[in-house]
Enquirer: 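Please see the structure below; I have some questions.
So you know, we letter chains A, B, ... as the sequences are listed, proteins then strands, and number each from 1.
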Amino acid sequence: MAEQGVTPQSEDFNAWYTDVVQRADLADYAPVRGSMIIKPYGYALWENIQAALDARFKATGHQNAYFPLFIPQSFMQKEAEHVEGFAPELAIVTHGGGKELEEPLVVRPTSETVIGHAFANWIQSYRDLPLLINQWANVVRWELRTRLFLRTMEFLWQEGHTAHATQAEAQAETMQMLDVYADFARDQAALPVIKGRKSDQERFAGADATYSIEAMMRNRWALQSGTSHNLGQNFAKAFDIKYLDENNELQFCWTTSWGLSTRMVGAIIMGHGDDQGLRLPPRLAPIQVVAVPIFRNDDQKSDVMEAITAAVQELQDAGIRVHLDNRENVNPGFKFNDWEMRGVPVRLEVGPKDVEKNSVALARRDVPGKEGKQFVDRPQMLSTVTGLLDSIHENMLREAAEFRDAHLHEAATFDEMVEILEAGDWALAPYDGSAEAEDKVQEATKATSRCFPLDQEPLPQGTACVITGRDAIGKAYFARAY
RNA sequence: CGGGGUGUGGCGCAGUUGGCUAGCGCGCUGCGUUUGGGACGCAGAGGUCGCCGGUUCGAGUCCGGCCACCCCGACCA
């Protein structure tokens, strides 16, 4: 029998990832290096992410709009840090309609500049504020090294852009959206994340401060899964985004931006998957329940199909995403393995014995083998499935949190820090926020600073950075990161 | 962009001391038997051997160049 599964995680985590993405039909390689084809199953997952986030954006007062893919090159050059930060990864269009363009067009790597330009026109008075906009779009960054979902030259995301009258309001917005991401990760994706502030090296080019949610993958690498920036008045000044306040005085706005991309799909894959393949969080899974009929002959077939069709209908009517696997060229055992690899949270089986006893079998993806399988009376099916979906969500979240917490350690000295990082875990230590300290850690361990977690007490006066010995500005997590 | 590797039916590979009709496994199509944890039999379909050039009576195989992809590093959501 040929090996039909994916490379085990323990053997080669990156190979496991690549295997799973392709075998589970999430994505495919495209003709152009570094770009990807998102297949229907992967896109359905993204659509569910979109729907959940979009609802949260609307609930917090944001409106969707769409800004153009092409940005005049001069726009990118108006904000000093922004130019420098993005210059190496820009795709630039120099020709159109067979002629060289007067001014080259940048394919957006992010939209602060075009949106800043528009905001400057839209905003006149304090009555126009706050302006709360989001767009769902594709962006392009010319990456050297790419990986499906985690880093591709073109990716899908949403980018929120807001303008406010005061610094405090902008900061409140920045933190609110970080919370939205963290809550989404926990409540929809079953991923516990750490909210924190980025070091200066990791800060967005043009931001005063960048915050992120960091998730731990099953190989203990960190994955930045969402970011929220307080842009201060940097873009307001570069694009002349001004308003008249109540005293008829002209003021610069305070702006923010925040984004979450298809990288979240990678976070879900690597944050939950096991040696069998994907494990999708029930609230985002494109298929929440897969129904597998089992029969030996035509008599049984008609009885079983009738029963299972009714069961599927009942679940569907209750709003559950169900797929009936009625393929006849593969046997049930194959289907079990196939759907487990694809990460479907719940499997419903109906066989002759179930028809006879008016029952169904339900198996949960997060608990392997017989332990995770139960037979329930048909009238209890719907309530059991509903309960299972919630229970699987809670269990996946708990497992991920326990795994993460088991691999977080505090370091009191540089040696301790190196020891923790070399073992592959995350180290939390007082850090002065400097680039030279970060470089030193990276040289020693390949790990970088992930964030200063928001959830921490202020350090006692004079606490030393474990790397440089200078005054620390807070405790930061360091880890290997994608 | 540096280091390593790989390009042979859809996928995974063998064939590489040049030799005639390029094989194997999986998958695919048809028919039949199967079906509660990755079924089996029989019959089929499917290949400009990554591309270009060279050597040779003869190139998947040797030589040169190019391209693509994967892995590891440096840079990044």
Side-chain angles (χ1 to χ4, degrees), chain A residues 1-5 7 12-15 17-19 22-23 28-35 85-90 109-110 139-159 181 198 201-205 207 210 212-215 222-229 257-267 276-277 292-298 300-301 304 325-341 347-356 359-361 363 368-370 372-373 375 439 442-443 446 448 481-482:
Chain A
M1 168 93 44
E3 180 57 56
Q4 302 199 48
T7 306
D12 183 340
F13 192 83
N14 291 326
Y17 179 78
T18 311
D19 280 1
Q22 290 176 95
R23 295 283 305 278
D28 213 346
Y29 289 100
V32 174
R33 175 192 70 85
S35 52
F86 280 103
E89 36 186 359
L90 293 182
T110 178
V139 286
V140 169
R141 297 180 188 179
W142 213 261
E143 300 290 350
L144 301 178
R145 187 136 145 52
T146 59
R147 219 192 279 271
L148 295 171
F149 288 114
L150 301 179
R151 176 167 296 107
T152 47
M153 296 212 307
E154 178 187 1
F155 59 93
L156 305 182
W157 76 346
Q158 57 69 218
E159 47 179 324
Y181 290 152
K198 287 295 201 179
Q201 300 75 254
E202 300 277 332
R203 188 167 44 82
F204 175 75
T210 289
S212 70
I213 55 170
E214 301 284 332
L223 185 68
Q224 180 174 324
S225 309
T227 52
S228 187
H229 315 292
S257 68
W258 27 275
L260 185 146
S261 73
T262 35
R263 175 181 261 197
M264 178 53 79
V265 173
Q276 264 53 255
V292 178
I294 296 153
F295 48 80
R296 292 174 183 280
N297 53 49
D298 282 352
Q300 289 182 348
K301 179 181 170 184
V304 164
D325 186 352
N326 56 10
R327 287 179 290 180
E328 296 197 12
N329 56 333
V330 291
N331 62 27
F334 180 92
K335 293 177 182 178
F336 296 171
N337 288 285
D338 194 40
W339 291 111
E340 278 167 13
M341 188 267 292
R347 183 179 71 241
L348 167 72
E349 301 171 21
V350 177
K353 289 180 223 160
D354 297 303
V355 172
E356 195 181 314
S359 64
V360 297
K370 282 194 173 147
K373 187 162 162 176
F375 292 86
D439 290 347
Q442 188 164 10
E443 269 172 45
K446 295 178 183 167
T448 51
Y482 280 101

Enquirer: Determine which nucleotide pairs with B:C66, using a 3.5 Å limit on both distances of a Watson-Crick or G-U wobble pair.
Expert: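 Here B:C66 is engaged in a pair, and the nucleotide opposite it is B:G50.
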Enquirer: What nucleic acid atoms does A:Leu150 come within less than 4.0 Å of, heavy atoms only: base, sugar-phosphate, or nothing?
Expert: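 Base contact.
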Enquirer: Under 4.0 Å, heavy atoms only, any strand: does A:Gln442 hit a base, just the sugar-phosphate, or nothing?
Expert: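 Answer is sugar-phosphate: A:Gln442 comes under 4.0 Å of backbone atoms only.
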Enquirer: Give one of base, sugar-phosphate or nothing for A:Asp338, where a contact means two heavy atoms less than 4.0 Å apart.
Expert: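 Base, at least one base heavy atom under 4.0 Å.
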Enquirer: How are the rings of A:Trp258 and A:Tyr181 set relative to one another: parallel (under 30°), tilted (30 to 60°) or perpendicular (over 60°)?
Expert: perpendicular
Enquirer: What is the pairing partner of B:G10, taking Watson-Crick or G-U wobble pairs with both distances under 3.5 Å in any strand?
Expert: B:C26
Enquirer: So what's B:C1 paired with, Watson-Crick or G-U wobble, going by both distances under 3.5 Å?
Expert: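 B:C1 is paired with B:G73.
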Enquirer: Is there a donor-acceptor pair under 3.5 Å between the side chain of A:Arg263 and the backbone N or O of A:Leu150?
Expert: yes
Enquirer: For A:Arg347, which contact category applies under a 4.0 Å heavy-atom criterion: base, sugar-phosphate, or nothing?
Expert: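 Answer is base: heavy atoms of A:Arg347 come under 4.0 Å of a base.
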Enquirer: Nearest to the A:Glu143 side chain among B:C72, B:G37, B:A77, which nucleotide is it?
Expert: B:A77
Enquirer: Does the protein touch nucleotides 30-36 of chain B at the base, only the backbone, or not at all? Give it as B, S and - per nucleotide, heavy atoms under 4.0 Å.
Expert: -----BB
Enquirer: What nucleotide among B:G37, B:A77, B:C28 has an atom nearest to a side-chain atom of A:Ser261?
Expert: B:A77
Enquirer: Base, sugar-phosphate alone, or nothing: which one does A:Phe155 contact when heavy atoms must sit under 4.0 Å apart?
Expert: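 Contact class for A:Phe155: base.
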